[in-house]
Novice: 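Pasting a structure below so you can have a look.
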Amino acid sequence: MSRLQGLRLFVALAPILLAGFGLMSCSRDQSALDGVRVKADFEACRTALLNRRADEAVRYLPQNVDDYFASLNSGNPNPPVSKTAPVVPQVDLLLRTALSEKVPREVRPQLTLETLLQRLADRGLLSTKQIRNLSIGPVVVQGDRASAELYFQGRPLPVRLPFVKQAQIWKIDLLAMLPFAEVLMRLDRAITGKTASEQVTQLVRPLPIL
């Protein structure tokens, strides 16, 4: 290929190459912007909890968390399996037992995730000290999902906080964290030799009545 032919080819491809670089730049800019929004939405949720505003805090939790809670609170020992809910039998048992033993029976029919959070806040059962000391670090965005390093008192925790984007809000994907809790419960039983029932009893007994 002559220099002239090479020059002509470059001129022909230049718009395509520039467009490609432009798309890459836009993608990086969007990812950086999403990272800023993830941190802003995390702070908004944290502030709502500190201010005891459950109605605001639940805006930063995805719908599947509310659906999961409603399923647990229904009293059905074998609730329908949601496609978005992870398989965490021991966590399920722990939460069902806590609801059964610590929430008055007359309250259960009207209990939603929002009213539960509000009852916890009104009774001073949300640890504002711990919530105040939580923060997130660098954010990784992949489409409508993201994750961030989680810190307590400036020190990294051994878990990344997952987010999912819904209705232009980056919401904390709590259900994605349940398998981690399931593993921790399994490890605890392996170390202590407790049965699943003994473990749940030990965790639920000290909880206050709601």
Side-chain angles (χ1 to χ4, degrees), residues 34-35 38-39 41-46 48-49 54 57-73 77-100 102 113 116-117 120 125-166 169-207:
D34 281 333
V38 167
K39 290 189 174 185
D41 287 341
F42 170 81
E43 284 301 317
C45 183
R46 194 172 70 96
L49 290 172
V58 295
R59 293 182 62 239
Y60 299 94
L61 299 177
Q63 180 61 41
N64 62 4
V65 176
D66 198 51
D67 295 339
Y68 174 70
F69 175 79
S71 178
L72 291 175
N73 190 48
N78 297 298
V81 178
S82 167
K83 293 181 179 179
T84 60
V87 179
V88 284
Q90 199 61 21
V91 173
D92 288 351
L93 177 60
L94 172 64
L95 296 176
R96 284 201 304 270
T97 303
L99 286 168
S100 175
K102 299 300 179 177
L113 182 61
L116 174 64
L117 283 176
L120 289 169
L125 299 176
L126 289 179
S127 180
T128 54
K129 181 178 179 180
Q130 290 189 353
I131 294 171
R132 187 173 288 108
N133 283 306
L134 285 174
S135 61
I136 60 174
V139 178
V140 175
V141 179
Q142 294 180 318
D144 63 353
R145 293 194 169 273
S147 66
E149 294 180 1
L150 185 62
Y151 293 83
F152 181 74
Q153 292 183 331
R155 297 180 180 179
L157 298 175
V159 62
R160 292 186 68 85
L161 191 63
F163 295 83
V164 59
K165 191 176 184 179
Q166 294 180 353
I169 297 175
W170 284 99
K171 304 188 178 189
I172 300 172
D173 191 3
L174 290 182
L175 291 196
M177 300 184 72
L178 294 188
F180 181 69
E182 185 82 6
V183 170
L184 291 180
M185 293 183 71
R186 190 183 308 134
L187 287 174
D188 176 69
R189 293 196 303 276
I191 293 170
T192 63
K194 292 191 292 283
T195 65
S197 178
E198 289 171 340
Q199 182 184 50
V200 168
T201 298
Q202 184 182 48
L203 291 171
V204 171
R205 184 185 295 121
L207 297 177

Novice: Can you name the salt bridge (charged side-chain N to carboxylate O under 4.0 Å, His left out) partners of E43, sequence neighbours left out?
Specialist: R46
Novice: Using 0.5 Å steps for rounding, measure from the CG atom of L116 to the CG atom of L99.
Specialist: 7.0 Å
Novice: Which heavy-atom pair separates A57 from A48 by the least distance, and what is that distance?
Specialist: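 A57 and A48 have their closest heavy atoms at N-CB, 3.6 Å.
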Novice: To check you understand the geometry: which heavy-atom pair defines the closest contact between K165 and D34, and what is its length?
Specialist: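 Closest pair (atom of K165, atom of D34, distance): NZ-OD1, 3.6 Å.
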Novice: Let me see the working for F180 and V88 under side chain to side chain contact (heavy atoms under 4.5 Å, CB included), right down to the final yes or no.
Specialist: CA-CA 9 Å; F180 181 69; V88 284; over 6 Å; no
Novice: Which atom pair, heavy atoms only, marks the closest approach of L72 to R96?
Specialist: CD2-CG, 3.6 Å
Novice: Under 3.5 Å, which donor-acceptor pairs do the side chains of residues 134-147 form with other protein atoms, sequence neighbours left out?
Specialist:
unit_1, atom_1, unit_2, atom_2, d
R145, NH1, D173, OD2, 3.0
S147, OG, R160, NE, 3.0
S147, OG, R160, NH2, 3.4

Novice: L161 vs I172, test: side chain to side chain contact (heavy atoms under 4.5 Å, CB included). Steps then yes/no.
Specialist: CA-CA 7 Å; L161 191 63; I172 300 172; 3.9 Å; yes
Novice: Does anything in residues 183-201 form a salt bridge (charged side-chain N to carboxylate O under 4.0 Å, His left out)? List the pairs, not counting sequence neighbours.
Specialist: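 Those involving residues 183-201 are D188-K194.
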Novice: I need the L113 CG to N73 CG distance, nearest 0.5 Å.
Specialist: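 Reported value, rounded in 0.5 Å steps: 10.5 Å.
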Novice: Would you give the length of the straight line joining atom CZ of R205 to atom NZ of K102, rounded to the nearest 0.5 angstrom?
Specialist: 9.0 Å
Novice: Which residues pass the side chain to side chain contact (heavy atoms under 4.5 Å, CB included) test with P158, sequence neighbours left out?
Specialist: none
Novice: Listed by chain and number, what are the side chain to side chain contact (heavy atoms under 4.5 Å, CB included) partners of D41, not counting sequence neighbours?
Specialist: Y60, I169, W170
Novice: Atom CG of L184 and atom CD of E182: how far apart are they, to the nearest 0.5 Å?
Specialist: 10.0 Å
Novice: Just to verify, what does V200 make a side chain to side chain contact (heavy atoms under 4.5 Å, CB included) with, not counting sequence neighbours?
Specialist: Q90, L93, L94, T97, V204
Novice: Go through the structure and list residues passing side-chain hydrogen bond (donor to acceptor under 3.5 Å, both in side chains) with Q166, not counting sequence neighbours.
Specialist: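 With neighbours one apart ignored, the set is empty.
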Novice: Please report the closest heavy-atom contact between V91 and M185, naming both atoms and the distance.
Specialist: CG2-SD, 3.9 Å
Novice: Partners of Q130 by side chain to side chain contact (heavy atoms under 4.5 Å, CB included), sequence neighbours excluded?
Specialist: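 With neighbours one apart ignored, the set is S127, F152.
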Novice: Give the C-alpha distance, both sets of side-chain angles, the deciding distance and a yes or no for side chain to side chain contact (heavy atoms under 4.5 Å, CB included) between Y68 and L174.
Specialist: CA-CA 10 Å; Y68 174 70; L174 290 182; over 6 Å; no
